[in-house]
Q: 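Sharing a structure below in structure tokens format, with a few things to ask.
Heads up: numbering here begins at 1 and tracks the sequence. As the structure lists them, so they are numbered: ligands from 1, and atoms in each ligand from 1. These figures come from a predicted structure and were not determined experimentally.
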Amino acid sequence: MAKITSVRGFRDILPDETPKWQRVEETIRKVFFNFGIQEIRIPVLEKTELFKRGIGEATDIVEKEMYTFLDRGNEYLTMRPEATASVIRAYIEHHIYEKDPVAKLFTIGPMFRRERPQKGRFRQFYQINVEFLGEEDPRIDAELISMLMYLLREIGLGDLKLEINSLGCDKCRPAFRKKVTDFLKNREEELCEDCQRRLVTNPLRIFDCKNTSCQEIISGAPVIPDFICAPCREHFEKVKEYLAILDIPFTLNPTMVRGLDYYTRTAFEITTRSLGAQNAVTGGGRYDGLVQMLGGPDISGIGFAIGFDRLISMIPERDTVYADRPNIFIAALGEKAQGFAFSLCNTLRRAGIRAEMDFSNRSLKSQMKRSNKLNCSHTLIIGEKEMEGGTAQIRDMNDGTQESVDINDTGSIAKSVLDTV
Ligand code: HAM
């Protein structure tokens, strides 16, 4: 029969790769714990309206990339393309703001966007998402960004480039929008079809167009930091000051607009040379109107999401096999020894030892081969003689030394394994 493969842009993360993901996630959880960021777990499926309103109808994500379907209940549902809107929905739905004026939340999980798959871009990808809610002070912007830089370094990333911009607020952005529209109106014909439409629906999105001729045109357009209002300007100046105090180098990128409409004021992205400038490893920003827009009180927020897949691809390979290998292989020869090894394996595992055996009762040579293949640190060899005498040799697979152990004394087997791991 013909085999069934995975869906384009959806991939399997195989057992060889998962230890790396687990280790990174461990580091992340540790850092978040130290910084007082609590975990929230949210559904993968939401009402489509949430993303339309949250991310913005005239964005690429909502216009072209969402996995949306009409549910049997005649309701439009969407596989979440990002986590922020969902986190805010939960924040409002459960009145989290009543419990604490400042909430620091993280969530890790898969997101879905129907983009064109390529290196570092998938249709199901994973994000590590953080939101700080309830604090407007520019110090929190700097604190969040500095925590993010620290986190990426802890994970082992170097060569990071932080770019920041201010996107203004709903008071100053309309004037800027008009400036850009006026500027582009003269060259409307030269814009791509998408951008001609964007000129009416969402002209700021033209800054993100990948089309070279649109890029050339937009490169001469007015830029947002020149038009932001005095309070936004002051906020941005302070963010820059605090970043400098925290020793975080940054580059100003006045054309960075981010792909989601909820952003206000501070926006940022981090790229590394290994991924190329196109592929940010993380991006985020402030979204002071979003909680209200989704039906909650007037509470400001700022957050980021790290592309987990991209992060993993940038971490140098370490000796993962060594760290994850089983502790002991029990080479059991003969029926009696096989039976004994079966329960010994079980007992050792319950004592915290990773034990393996081979049910095939093959020759010692092939069982030793299997032990080597699994990269076990120790092998215990039990045959008929050992069953009768009650002692067996345990071999250290690194240096070949052997030690005699009482096969009925699980504690001493465990000890001799753990002492040399
Ligand atoms: P975003 O810039 O759309 O922001 O995505 C954040 C990160 O997710 C990107 O920098 C990238 O590393 C990764 N990413 C996005 N799309 C893909 C893809 N198709 N394949 C692989 N990785 C991808 C957000 O999603 C915002 N919700 C971030 C945020 C949180 N802003 C405030 N709070």
Q: Nearest protein heavy-atom contact for atom 27 (N) of ligand 1: which residue, which atom, what distance?
A: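 For atom 27 (N) of ligand 1, the nearest protein heavy atom comes out as E82 OE1, 2.5 Å.
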Q: May I ask you to say whether E65 pairs ionically with R114, meaning some side-chain N is under 4.0 Å from a carboxylate O?
A: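 Salt bridge: no.
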Q: For N253 and T251, test the side chains for any donor-to-acceptor distance below 3.5 angstrom and give the result as yes or no.
A: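 No, no side-chain donor-acceptor contact under 3.5 Å.
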Q: Could R11 and D309 be called an ion pair, given the rule that one side-chain N must be under 4.0 Å from one carboxylate O?
A: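 A salt bridge links R11 with D309.
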Q: Pick from R198, R197, R113, R116: which one makes a salt bridge (Lys or Arg N to Asp or Glu O under 4.0 Å) with D60?
A: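 Per the salt bridge (Lys or Arg N to Asp or Glu O under 4.0 Å) rule, the option paired with D60 is R198, out of R198, R197, R113, R116.
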Q: Considering only protein heavy atoms, which is closest to atom 14 (N) of ligand 1, and at what distance to one decimal place?
A: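 Result for atom 14 (N) of ligand 1: F125 CE1, 3.5 Å.
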Q: So, Q124 versus Y126: side-chain donor-acceptor pair below 3.5 Å or not?
A: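 Per modelled atom types, Q124 and Y126 side chains form a pair under 3.5 Å.
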Q: Would you check whether Y262 has a nitrogen or oxygen atom less than 3.5 angstrom from a nitrogen or oxygen atom of ligand 1?
A: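 There is such a contact, yes.
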Q: Considering the heavy atoms of A305, write down every atom of ligand 1 situated less than 4.0 Å from one of them.
A: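 Answer, ordered by atom number: 6 (C), 7 (C), 28 (C), 29 (C), 30 (C).
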Q: Considering both backbone and side-chain atoms of F122, is one of its nitrogen or oxygen atoms within less than 3.5 Å of a nitrogen or oxygen in ligand 1?
A: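 Among all N and O atoms of F122, at least one is under 3.5 Å from an N or O of ligand 1.
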Q: T84 versus ligand 1: do any nitrogen or oxygen atoms come within less than 3.5 Å of each other?
A: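 Yes, since at least one N or O of T84 sits under 3.5 Å from an N or O of ligand 1.
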Q: Give the atoms of ligand 1, by number and element, whose distance to some non-hydrogen atom of G284 is under 4.0 Å.
A: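 Counting atoms of ligand 1 from 1, those under 4.0 Å from G284 are 31 (N).
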Q: Can you report which non-hydrogen protein atom sits closest to atom 13 (C) of ligand 1, along with the distance?
A: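 Of the protein heavy atoms, G307 CA, 3.6 Å lies nearest.
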Q: For atom 5 (O) of ligand 1, find the nearest protein heavy atom and state the residue, atom name and distance (0.1 Å precision).
A: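 Ranked first by proximity to atom 5 (O) of ligand 1 is Q127 NE2, 3.2 Å.
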Q: Going by the atom numbers of ligand 1, which of them fall below 4.0 Å from some non-hydrogen atom of V281?
A: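 So the atoms of ligand 1 that pass are 10 (O), 12 (O).
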Q: Distance under 4.0 Å to a non-hydrogen atom of Y263: what atoms of ligand 1 satisfy this?
A: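 What qualifies from ligand 1 is 26 (C), 28 (C), 29 (C), 31 (N), 32 (C).
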Q: Side chains of D159 and T272: is there a donor and an acceptor less than 3.5 Å apart?
A: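 Side chains of D159 and T272: no pair found under 3.5 Å.
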Q: Which ligand 1 atoms, with their elements, are less than 4.0 angstrom from a heavy-atom of N129?
A: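 Atoms satisfying the 4.0 Å criterion: 30 (C).
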Q: Any Lys/Arg nitrogen of K20 or E17 sitting under 4.0 Å from an Asp/Glu carboxylate oxygen of the other?
A: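 Looking at K20 and E17, the cut-off is not met.
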Q: I need the atoms of ligand 1 closer than 4.0 Å to a non-hydrogen atom of E115, numbered in the order shown.
A: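 What qualifies from ligand 1 is 16 (N), 17 (C), 18 (C), 19 (N).
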Q: State plainly whether the residues D226 and R233 are in salt-bridge range, i.e. N to O under 4.0 Å.
A: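 No salt bridge links D226 with R233.
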Q: Looking only at side chains, do E131 and T84 share a donor and an acceptor under 3.5 Å apart?
A: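 Looking only at side-chain atoms, T84 and E131 do form a donor-acceptor pair, the distance falling under 3.5 Å.
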Q: What protein heavy atom lies closest to atom 21 (C) of ligand 1? Include the residue and the distance to one decimal.
A: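 Here the nearest protein heavy atom works out to G120 O, 3.3 Å.
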Q: Report, in ascending order of atom number, the atoms of ligand 1 lying under 4.0 Å from any heavy atom of A280.
A: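 Answer, ordered by atom number: 9 (C), 10 (O), 11 (C), 12 (O).
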Q: Return yes if a side-chain donor-acceptor contact under 3.5 Å exists between T78 and T68, otherwise no.
A: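 Yes, T68 and T78 have a side-chain donor paired with an acceptor closer than 3.5 Å.
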Q: Are E93 and R89 ion-paired here, with the side-chain N under 4.0 Å from a carboxylate O?
A: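 Between R89 and E93 there is a salt bridge, with a charged N closer than 4.0 Å to a carboxylate O.
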Q: Return the residue, atom name and 0.1 Å-rounded distance of the protein heavy atom closest to atom 4 (O) of ligand 1.
A: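 Ranked first by proximity to atom 4 (O) of ligand 1 is R258 NH2, 3.0 Å.
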Q: Using a strict cut-off of 4.0 Å, indicate which atoms of ligand 1 neighbour a heavy atom of T282.
A: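 What qualifies from ligand 1 is 10 (O).
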Q: Looking only at heavy atoms, is any part of E131 under 4.0 Å from ligand 1, and if so is it the side chain, the backbone, or both, or is it neither?
A: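 Answer for E131: side chain.
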